[in-house]
Amino acid sequence: KPDEGLKVVESAERLGIRYPQLSFCKGNALLMLDRPKEAIPAFEEAIKFGRGVAWTGDAGTSGYKADFGLASAYLALGNHAKAAEYAELVLKDRPENLASHDLLANVCVPLGKLDKAEHHLRELRRLVPEDPGPVVRLGELYERQGRLIEALAEYDVLAQGGQETVTLRVKMGSLADTLGDAGTAETFYNRAVEIKNDSPDAHDALGMFLAGHGRLEEALGQFARVMEIDPAYANAYFNAGDLLYASGNHQQAADIYQIGLERDPNHVTGFFALGNCYYQLGVFEAAILAYKQALFIRPDYAEARNNLALAEEMLQERQAA
């Protein structure tokens with residue numbers, strides 16, 4: 001009840017009471033009420049009246065706890081540099097403070113200090129080895145840096161440690177494929193399907209992998225399986241349509257794009273792809289309608305605008321003939 005807590009502190013202030021722990025409580029209440037700008041002077045007051053002097057109470061409220069309160073307030077205001085500064089002060093006093101390591105792991109990324117972000121994530125992993133969160137974040141950090149082998153190793157730690165999921169195995173498959181190890185990638189994708197055979201995400205990801213390696217019939221089989229599991233899973237229709245279009249089956253592609261668009265009527269690239277099918281089939285009126293719908297959804301869609309002009313030009317030539 002931060003609002004009630006704030007009233008208590010303000011009542012004390014009206015009585016002329018100045019006490020570090022009360023100021024700290026005021027800062028926390030203001031943070032909880034999403035008023036970080038007002039929380040800052042409250043935490044600063046806790047430090048001013050409590051640090052370096054003798055008083056009875058929780059000394060941390062004018063020490064590392066107040067520093068973390070300031071770090072949290074500056075983080076809420078988007079001032080990552082100041083948030084990092086105060087979180088570092090916390091760690092000088094409490095080197096194993098989990099919340100400060102977590103905060104620093106977050107803010108060091110936008111500050112461009114990726115080595116420090118890595119350090120704090122490794123500290124979190126050391127301090128709470130049972131928590132998969134820091135391992136996932138380390139993997140994502142390595143991916144961001146292009147350190148894909150290291151990212152894959154982190155994810156493997158999770159998988160071997162009982163944290164195996166469809167999402168994790170799909171991610172590992174994508175990384176292995178990017179690294180040029182298609183065999184290992186396929187193993188990971190197949191494992192995702194084994195973990196949960198009725199997962200549309202797993203089959204869709206395996207289908208995309210197979211399509212990327214020219215195994216079109218197998219890929220279409222995976223997309224068909226997705227449609228069987230979840231007929232409303234629109235991406236499977238668009239992915240299958242893309243394969244059919246690439247193989248020259250424009251009418252079949254158009255038919256399946258239409259079904260996908262019934263599931264997701266705001267899929268802008270679906271309308272663009274449908275327009276391309278009709279263009280290839282010479283049904284320019286239908287192509288024009290599809291391109292216009294794509295532009296209605298995304299007015300700045302340059303490719304759709306260009307193809308619309310081509311379709312209109314072809315229709316005019318046909319009518320003139």
Side-chain angles (χ1 to χ4, degrees), residues 1-10 12-13 18-53 55 57-128 131-147 151 154:
K1 301 179 181 179
D3 50 347
E4 291 185 27
L6 185 59
K7 288 177 183 176
V8 171
V9 177
E10 290 173 342
E13 288 177 340
R18 286 291 182 269
Y19 187 67
Q21 200 161 333
L22 279 176
S23 298
F24 173 80
C25 291
K26 180 179 182 179
N28 263 353
L30 289 165
L31 271 184
M32 293 175 70
L33 292 168
D34 197 24
R35 294 160 63 181
K37 192 172 182 179
E38 296 169 75
I40 289 173
F43 289 125
E44 289 175 338
E45 186 174 87
I47 292 169
K48 177 182 177 182
F49 289 107
R51 194 168 295 184
V53 297
W55 59 283
D58 181 357
T61 56
S62 64
Y64 77 96
K65 292 181 182 180
D67 285 330
F68 188 76
L70 286 167
S72 300
Y74 280 115
L75 178 63
L77 292 169
N79 190 333
H80 296 138
K82 293 291 283 186
E85 176 186 330
Y86 282 101
E88 292 283 6
L89 288 178
V90 174
L91 291 178
K92 286 183 179 179
D93 189 48
R94 293 288 191 279
E96 296 191 346
N97 184 270
L98 297 178
S100 293
H101 283 297
D102 183 69
L103 186 151
L104 283 161
N106 285 326
V107 301
C108 283
V109 173
L111 289 172
K113 299 177 179 179
L114 301 187
D115 55 337
K116 286 194 172 185
E118 179 180 351
H119 164 74
H120 291 293
L121 287 172
R122 286 190 173 279
E123 282 296 289
L124 283 171
R125 189 172 69 175
R126 178 181 66 82
L127 294 166
V128 280
D131 184 2
V135 184
V136 173
R137 290 162 67 188
L138 261 177
E140 292 171 347
L141 179 65
Y142 290 149
E143 283 190 69
R144 182 189 184 100
Q145 295 175 290
R147 298 160 62 183
E154 292 296 333

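- One finds the CG atom of Leu70 at 12.5 Å from the CG atom of Leu75 (value rounded to the nearest 0.5 Å).
- Here the closest non-hydrogen pair linking Ala39 and Gly27 is CB-O, 3.5 Å.
- The pair Lys113-Glu118 does not meet the salt-bridge criterion, since no charged nitrogen lies less than 4.0 angstrom from a carboxylate oxygen.
- Within the model, atoms SG of Cys108 and CG of Leu114 stand 9.0 Å from one another, a figure rounded to the nearest 0.5 Å.
- Going from atom CG of Leu124 over to atom CG of Leu104 covers 9.5 Å, rounded to the nearest 0.5 Å.
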### Task
Might you work through the side chain to side chain contact (heavy atoms under 4.5 Å, CB included) test for Leu89 and Tyr64, ending with a clear yes or no?
CA-CA 7 Å; Leu89 288 178; Tyr64 77 96; over 6 Å; no
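- Taken from CG in Leu98 to NE2 in His120, the straight-line distance is 13.0 Å, to the nearest 0.5 Å.
- For the pair Leu103 and Ala83, the tightest heavy-atom approach, listed with the atom from each and the gap, is CD2-O, 3.9 Å.
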### Stepwise side chain to side chain contact (heavy atoms under 4.5 Å, CB included) test for Asp102 and Leu121
CA-CA 7 Å; Asp102 183 69; Leu121 287 172; over 6 Å; no
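- In this structure, Arg144 places its CZ atom where only 12 or fewer heavy-atom neighbours from other residues, nucleotides or ligands lie under 6.0 Å away.
- Residues Lys82 and Glu85 have side chains in contact (heavy-atom distance under 4.5 Å, counting atoms from C-beta outward).
- Separating the NZ atom in Lys48 from the OG atom in Ser23 is a distance of 10.0 Å, to the nearest 0.5 Å.
- In summary, Glu10 and Lys7 do not engage in a salt bridge, as defined by a charged side-chain N under 4.0 Å from a carboxylate O.
- Here the side chain of Ser62 pairs a donor or acceptor atom with the backbone of Ala59 at under 3.5 angstrom.
- Of the residues listed (His80, Arg137, His101), the one engaging Asn106 in a side-chain hydrogen bond (donor to acceptor under 3.5 Å, both in side chains) is Arg137, and it is the only one.
- Closest approach of Pro20 to Ala46, counting heavy atoms only: O-CB, 3.5 Å.
- Leu31 approaches Ala73 most closely through the heavy-atom pair CD2-CA, 3.7 Å.
- Ion pair Glu45/Lys26 not flagged as a salt bridge, since none of the NZ, NE, NH1 or NH2 atoms sits closer than 4.0 Å to an Asp/Glu carboxylate oxygen.
- Of the possible donor and acceptor atoms, one in the side chain of Gln21 sits under 3.5 Å from a partner among the backbone N and O of Asp58.
- Separation of the Phe68 and Tyr86 ring centroids does not fall under the 6.0 Å cut-off.
- Ring centroid separation for the pair Phe49 and Trp55 does not come in under the 6.0 Å cut-off.
- For Arg125 and Glu154, the salt-bridge test passes: some basic side-chain N is under 4.0 Å from an acidic carboxylate O.
- Expressed to the nearest 0.5 Å, how far CZ of Arg122 lies from CG of Leu141 amounts to 9.5 Å.
- Ion pairing between a basic and an acidic side chain is recognised when a charged N comes within 4.0 Å of a carboxylate O; Asp67 and Arg51 show such pairing.
- For the pair Phe43 and Asn28, the minimum side-chain heavy-atom distance is below 4.5 Å.
- With a 4.5 Å cut-off on side-chain heavy atoms, Arg35 and Leu6 count as touching.
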